[in-house]
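Only one structure is covered here, and it is reproduced in the block below.
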There are 2 protein chains.
Amino acid sequence: MTKKDKSEKSERILDVAEELFALHGFDGVTIRQISNRAKVDVALANYHFGKKLDLFHAVFDRRAELLSSSRRELLQASSGKKQTLEQIIEAFLLPLKMAQQTGDPGWKNYLALLANVMISPLWSKAMMGKVYDIRVEEFITALKGAFPKAKEEDIHWCYHYVSGALALTLAQTGRIDKLSGGKCLSSDFDAAYERMIPFIAAGFREVCG
Amino acid sequence: MTKKDKSEKSERILDVAEELFALHGFDGVTIRQISNRAKVDVALANYHFGKKLDLFHAVFDRRAELLSSSRRELLQASSGKKQTLEQIIEAFLLPLKMAQQTGDPGWKNYLALLANVMISPLWSKAMMGKVYDIRVEEFITALKGAFPKAKEEDIHWCYHYVSGALALTLAQTGRIDKLSGGKCLSSDFDAAYERMIPFIAAGFREVCG
DNA sequence: CACTATATTCAACAAGTGTTGAATATGCAA
DNA sequence: TTGCATATTCAACACTTGTTGAATATAGTG
């Protein structure tokens, strides 16, 4: 707004790259596929974003800060008195549900990309540290407050399970659709989150309580 | 043994391909990288396994049947009388823990590859249906037996969370190592499974009980 | 208008891609 | 040994990859 209005084409590149990276991963997508679908010359991606890897980072970072700060606000909002376990979990999950509920397909793609990064050893090390790890540390600190007597390892492992369940949800593989014979839908984030919170809460209380 | 002894080199190709596919995914690996590390000519992979995609299938299928049948046996072993929830969950998880505990790095790589496939919409659809889905259906049937009054959707969503937690564990991203400051290790499957069973069981009882 | 910085396209490069057919090596039966 | 099937290598193909430098268009400013 004030400084620079990103050109229309450069944002189209980001959108298309987001979608294709989410679906096929970094190596499964060529710059020509991106520029073709964005109706743009091959060289333009390079002009705006540099190397292919830089473009990937640009895509990943674009929405990372929004998600991360939304998590921080929710976590701090309830941090006055002692937080309930459910409040803590919701602060972690709700921003993702809200992002999904915007209906913006860009968010859907980004969340799938995030899931992809989370589960890859290489990409996880390269990308998650920048913005997301700080939030996770706050999240874990809050959990320690809710379970003062729990062992740290127990809390970390439980968070690990949460992270996995979340990743598979964000990935929207469509597998649950098939396995349930259509009774459940990958795209139904409401259904996924509704049950995830009590599921996780009970697990935490069992292992850490 | 009886029919054909696969050549030493062809198995080396499979081993190397398994490792590289697990780490970088299908598109992140070239046949030349595989053949170089296997100290074999580029054309040999094609001679033994056909196209690159066929090689990927060969890698994925090689250990799939073992894992799947191991699950079936464990699930049937306890199916005489009414199975406890913990028994059902263990039948699903134990084969993976045992595979990991062989110490064979090939198994470690395969499980990471499996995690990768599980979380990718495209690969999941293409690969999981062949061997794994049948086992999941039996698993869910057993769960229905343990929770006769539960709604089907609840059971499917809870299984979905299990599947996600499992996938992230198999992936061994090393993220928990970093976040816990070394208190937890991705490679420590014992620690992961030990807590996973009570965590999951409590979640199921809360949502489906 | 002219000037300038930014945006976009064009054309091409060197390197790498999967795949293939012919040539050679290897092991095994008669 | 001779044959023969399998295994492996060699050399090359047509094509795609990311990236770049020069050329051209576009928009904003004086």
Side-chain angles (χ1 to χ4, degrees), chain A residues 1-62 113 116-117 120 122-123 126-127, chain B residues 1-62 113 116-117 120 122-123 126-127:
Chain A
M1 200 90 98
T2 52
K3 281 275 186 183
K4 285 183 186 178
D5 246 4
K6 286 285 176 189
S7 80
E8 201 180 311
K9 298 199 176 186
S10 85
E11 294 216 4
R12 222 157 59 214
I13 291 174
L14 280 180
D15 289 338
V16 173
E18 188 174 56
E19 181 182 348
L20 294 183
F21 281 146
L23 202 53
H24 303 98
F26 178 77
D27 295 299
V29 180
T30 74
I31 299 193
R32 280 177 173 81
Q33 289 173 337
I34 295 172
S35 51
N36 285 343
R37 294 230 347 208
K39 279 171 196 143
V40 150
D41 188 82
V42 205
L44 195 58
N46 202 292
Y47 170 75
H48 280 293
F49 305 102
K51 314 272 181 193
K52 185 186 179 185
L53 186 58
D54 299 325
L55 171 61
F56 189 79
H57 274 89
V59 168
F60 189 82
D61 294 344
R62 181 166 59 150
L113 176 62
N116 221 299
V117 168
S120 156
L122 292 172
W123 292 109
M127 318 287 293
Chain B
M1 200 85 102
T2 52
K3 280 275 185 182
K4 284 184 186 178
D5 247 4
K6 285 285 175 188
S7 82
E8 201 180 314
K9 298 200 176 186
S10 85
E11 293 217 3
R12 223 157 58 215
I13 291 174
L14 280 180
D15 288 338
V16 173
E18 188 174 54
E19 181 182 347
L20 294 183
F21 282 145
L23 202 53
H24 303 98
F26 179 77
D27 294 300
V29 180
T30 74
I31 299 193
R32 279 175 175 82
Q33 289 174 338
I34 295 171
S35 51
N36 284 344
R37 294 228 348 206
K39 280 173 194 140
V40 150
D41 188 82
V42 205
L44 195 58
N46 202 292
Y47 170 75
H48 280 293
F49 305 102
K51 314 274 181 191
K52 184 186 179 186
L53 186 59
D54 298 325
L55 171 60
F56 188 80
H57 275 89
V59 168
F60 189 83
D61 293 345
R62 181 165 61 149
L113 177 62
N116 221 300
V117 167
S120 156
L122 292 171
W123 291 109
M127 319 285 294

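In the text below, chain A, chain B and the rest are named by the order of the sequence lines, each starting its count at 1. Reckoned from all heavy atoms, side chains included, excluding hydrogens, waters and symmetry mates.
The stretch residues 24-40 of chain B touches DNA chain C through Val29(B), Thr30(B), Ile31(B), Arg32(B), each having a heavy atom under 4.0 angstrom from the strand. Near DNA chain C, meaning a heavy atom under 4.0 Å away, the residues from residues 44-57 of chain A are Leu44(A), Tyr47(A), His48(A).
Checked against a 6.0 Å centroid threshold, the rings of Phe56(B) and Trp123(B) count as neighbours.
With rounding to whole Å, Ile13(B) atom CD1 is found 14 Å from dT19(C) atom P. Look at NZ on Lys9(B): it is 10 Å from P on dG27(C), rounded to the nearest Å. Between Asp41(B) atom CG and dT20(C) atom C1' the separation is 12 Å, expressed in whole Å.
Here the shortest heavy-atom pairing between Leu20(B) and Val29(B) reads O-CG2, 3.3 Å. Ala58(B) approaches Leu14(B) most closely through the heavy-atom pair CB-CD2, 4.1 Å. Heavy-atom minimum distance, Val40(B) versus Ile13(B): CG1-CD1, 3.9 Å.
One finds a side-chain N or O of Ser7(B) lying less than 4.0 angstrom from the OP1 or OP2 phosphate oxygen of dT8(D).
Within the structure, the salt bridge (charged side-chain N to carboxylate O under 4.0 Å, His left out) test picks out no pair touching residues 42-56 of chain B (sequence neighbours left out). For residues 30-48 of chain B, the salt bridge (charged side-chain N to carboxylate O under 4.0 Å, His left out) pairs, not counting sequence neighbours, are Glu19(B)-Arg37(B).
Atoms CZ and CG, from Phe26(A) and Leu53(A) in turn, are 5.0 Å apart once rounded to the nearest 0.5 Å.
Taking the C1' atoms of five terminal pairs at each end of the helix from dC1(C)-dG30(D) to dA30(C)-dT1(D), the two resulting helix axes are inclined by 0°, rounded to 10°.
Partners of Glu11(A) under the side chain to side chain contact (heavy atoms under 4.5 Å, CB included) rule, at least two apart in sequence or in another chain, are Lys6(A).
Judged by distance alone, the side chain of Ser120(B) and the main-chain N or O of Asn116(B) form no donor-acceptor pair under 3.5 Å.
Looking only at side-chain heavy atoms (C-beta outward), Phe49(A) and Ser10(A) come within less than 4.5 Å of each other.
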